[in-house]
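Read the structure below first, then the notes.
Protein chains get the first letters and strands the later ones, always in sequence-line order, with residue 1 at the start of each. These numbers come from a predicted model, not from an experiment.
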Protein chains: 4
Amino acid sequence: MATSSKRNIKENSIIDAAEKVFSRQGFANTKMEDVAKALGMSKGTIYFYFSSKENLYMAITYRAFQALIDTFYESVSATKDESGLEGLVGLMKSFIAFSEENFLYSEAMLDFISFVRSTSEGSLDGKITDAMKESSYYERVKDIQNIPINIFLKEIERGRNDGSILNKQKPELIYLYAWAGVLGFVKLNSTSGKKTTILKVEISDWRNYIISSTRTLLRDANA
Amino acid sequence: MATSSKRNIKENSIIDAAEKVFSRQGFANTKMEDVAKALGMSKGTIYFYFSSKENLYMAITYRAFQALIDTFYESVSATKDESGLEGLVGLMKSFIAFSEENFLYSEAMLDFISFVRSTSEGSLDGKITDAMKESSYYERVKDIQNIPINIFLKEIERGRNDGSILNKQKPELIYLYAWAGVLGFVKLNSTSGKKTTILKVEISDWRNYIISSTRTLLRDANA
Amino acid sequence: MATSSKRNIKENSIIDAAEKVFSRQGFANTKMEDVAKALGMSKGTIYFYFSSKENLYMAITYRAFQALIDTFYESVSATKDESGLEGLVGLMKSFIAFSEENFLYSEAMLDFISFVRSTSEGSLDGKITDAMKESSYYERVKDIQNIPINIFLKEIERGRNDGSILNKQKPELIYLYAWAGVLGFVKLNSTSGKKTTILKVEISDWRNYIISSTRTLLRDANA
Amino acid sequence: MATSSKRNIKENSIIDAAEKVFSRQGFANTKMEDVAKALGMSKGTIYFYFSSKENLYMAITYRAFQALIDTFYESVSATKDESGLEGLVGLMKSFIAFSEENFLYSEAMLDFISFVRSTSEGSLDGKITDAMKESSYYERVKDIQNIPINIFLKEIERGRNDGSILNKQKPELIYLYAWAGVLGFVKLNSTSGKKTTILKVEISDWRNYIISSTRTLLRDANA
DNA sequence: TATGAATGAGAGTTCATTCAT
DNA sequence: AATGAATGAACTCTCATTCAT
């Protein structure tokens, strides 16, 4: 445990640094050298902990899912005394905040699902496929990727049971719609630095509108 | 004029090929060599017409905006006898179809606005900035980038005037919300190859739900 | 033809240089950079002509077999009026001289047959296998690898027919025995630089003994 | 002595493991890590006992010569009541069997003599030279490298004295000829895995032919 | 205009060796 | 004695871009 946790600490510090550098420069524009420099260590050391750049990214992806799961559980717990609708609204708020604060995580999760979708059919480039799949984190991520979705679906069910959600669409569809809206929101805002407006719209107004639309749509039995 | 149009023809054939190759393999995974091969010409020739890979991408971006503008005008024209709400719904349908059929265009437009947003503050990597801005297409794209938005906004106005749209939000906000939803939709579906479902949801159901939500939200005075 | 031969000239000049550098430093100890420097060109240019270091080595291997074949044909032609035994002796002399003058060729041919033997059973390391087999020269070499052997075997047959060779062993066995002797001879002499003795034995005496043993064994009906 | 022998035991177990791994994968393809893993110890520990990878290989080389010497002595002892010719034939049989069973030893001995020959003139790469010579085993090997040769030569002398060997060539030359034949034999058979034929020739036939040729040549006063 | 050739600055990865404990 | 970490120089191969003709 002692040894193992020491190693874990180091691994985590590497992931920490990698997150920062990838966030700033993007995955493709970042050399392993950059990550090493940010840590004051040598490239070789990073490879001692992570077998490849892809694997390092996968580790970040794993963190991303874990963090989202934590965020979701916290949200659910905070709204457990309110209606299911408010539970869902809480999830949406959390999701938006999470995605804005961790754009890299948002990208990583998207990359992952794109990757999984693409490879389940054998398209895409062979080498990337292998590099990804050989990552020790790949399976781990696969194991937890659906947890956020399930949390979301459960809240929909709760809202239907308590009558706060009248929308009759398939829960998964509602999730996809919500996810897409959040994804588009952060994509359009990304690399915006400290900007607070886009197209003369206050980003906070947009954020609020996503929430209010969610309410509107969930309450509407015909939506 | 004669020379110029000859040149234009050549340029367009290069863009045609580049679109195909980029669509298939993605921009980053495509070498200039690949584009040249697809054209049966040499790399050098491409550089005779396009100063850089970025510039070529910018040319595609320009086409993307042009194509979207055409699509939007056609939609507006096709629904000019219907209500403003239906005009907007028509735009949404067109937008979705356009994005699905031209994922590369969708990406290019997103890249462009991300780029513009990022550079107006001087963040991002220096080299890309220069390469992009030196592109002869850069200014051209800047000139037309807002036309789709304006078309969209005009339909909202029309809908408000004819009473079919009761939603009181700022038109730009409605546009952003719509754009984000479509963007998320295609992003989550991209690289899906021939898949027709995601998370057990029929993609066509999702598409329909985007439309019906649009109607719901636009009609709702409190949304 | 003009273009093609120009390219061929360049390719050959690269192979020329590579031969020299590999001969001096060995394949493994030579960087592509070294070959490039020897040519006064850049690494990239070499990769323009040869897809990999392995492929360059394969090109050398191809040359090696071609050169041996030429040498054998010349020898056969020079001894066509003598007995089959003398024909074979001539081949041996040629073989020895060839191997001494072109140690790299000797090594390359040995590597090739070792490689072929090893892969026909699927042993060896996967990556090397692929790199080798992807070489455009691989198939070419396969096509000609047996020609020297066949020339050798034909001379044995001729010698049996004219009564100069009485040895009754399987021709292939005689070839293997001869090959092994020559191989061992050059291996033990390799990297000897300008040395003329080994173990106080004059190399020329050794060379002569190989020849005389060949005669002795071929003439002997009981050997 | 106690400490020293403890150390010796450890050293030997490392050499044991290294032999296995080098035999399987070859020296160049083996990482120190692989050897460590095979031993269940760390790389650092290996470096505690062996100053370098080369040094470890030198230790193996030393073993190789020792083992060959043992083998030769045993053979001589087993044939001491037979003629000198049969003694030599026995040595050849042993040599062949030894080389086939210990291909790594065969390679190591060849590398050693190539190395010695090359450095006595200062050719070859500087770094390897230093690494080799700094090896504590280097001198040890030098001290015993000629023993197998001397054993061989003594048997020739014995054969001449008892009249069983009529061949008048310099003994060292006979040794070189024999060594080369065996070396070529194992080289051509190496990496052949479990193959029992080469060029449609049974390897056992080849083996037998080497022996019978030896007899033929040694008996022949004019060879 | 067009092309084949050439360039050269990387980029990821490897691994023998060293070091701190 | 032993180990896990750390190092950093190599090394192959890539590819946008440029150049000479």
Query raised in the report: Given atom OH of C/Y57 and atom C1' of F/dC13, what is their separation to the nearest angstrom?
Result: 20 Å
Query raised in the report: What is the distance from NZ of B/K37 to P of E/dT3, rounded to the nearest Å?
Result: 15 Å
Query raised in the report: Starting at the 5' end of DNA chain E, which residue's closest nucleotide do you reach first, A/K31 or C/I46?
Result: C/I46
Report task. Indicate, with a heavy-atom threshold strictly under 4.0 Å, whether B/Y49 touches base, sugar-phosphate, or nothing. Result -> sugar-phosphate
Query raised in the report: C/K6 has an atom NZ; how far is it from atom P of F/dA20, in whole Å?
Result: 15 Å
Report task. Mind calculating the distance between CE (C/M32) and P (E/dT7) to the nearest angstrom? Result -> 14 Å
Query raised in the report: Would A/R63 and A/D16 pass as an ion pair if we require N to O under 4.0 Å?
Result: yes
Query raised in the report: For E/dG4, does either OP1 or OP2 sit under 4.0 Å from a side-chain N or O belonging to C/R7?
Result: no
**Report entry** Rounded distance (Å) that lies between atom C1' of E/dT7 and atom OH of B/Y47
**Finding:** 13 Å
Report task. Choose from E/dT17, F/dA16, E/dT3 the nucleotide whose nearest atom is closest to any side-chain atom of D/K53. Result -> E/dT17
Query raised in the report: Are the side chain of B/S5 and the backbone N or O of B/N8 linked by a donor-acceptor pair below 3.5 Å?
Result: no
Report summary line: Assign each of A/M41 and D/G44 the nucleotide of DNA chain F bearing its closest heavy atom; nearer the 5' end lies the nucleotide of D/G44
Query raised in the report: Does a donor on one side chain and an acceptor on the other come within less than 3.5 Å for D/D34 and D/T30?
Result: no
Query raised in the report: Is there a donor and acceptor pair, one atom on the side chain of D/K43 and one on the base of F/dT3, closer than 3.5 Å?
Result: no
Report task. For B/T30, answer base if it contacts any base atom (sugar-phosphate contacts may also be present), sugar-phosphate if it contacts only those atoms, and nothing otherwise; contact means non-hydrogen atoms under 4.0 Å. Result -> sugar-phosphate
Report task. Taking only the side-chain nitrogens and oxygens of C/T45, find out if one of them lies under 4.0 Å from OP1 or OP2 of E/dA6. Result -> no
Report summary line: In terms of heavy-atom contacts, C/L56 and C/A18 come closest through CD2-CB, 3.9 Å
Report summary line: Contacts of C/E33 and D/K10 projected onto DNA chain F by closest heavy atom; the upstream (5') one is D/K10
Query raised in the report: Going by atom types only, do C/D111 and C/Y57 share a side-chain donor-acceptor pair under 3.5 Å?
Result: yes
Report task. In whole angstrom, give the distance that lies between atom CG of A/D34 and atom C1' of E/dG10. Result -> 12 Å
**Report entry** Watson-Crick/G-U partner (both atom distances under 3.5 Å) of F/dT21
**Finding:** E/dA2
**Report entry** Atom-to-atom span, CG of D/N29 to C1' of E/dT14 - whole angstrom
**Finding:** 13 Å
Query raised in the report: What is the distance, rounded to the nearest whole Å, between atom CZ of D/F48 and atom C1' of E/dT21?
Result: 15 Å
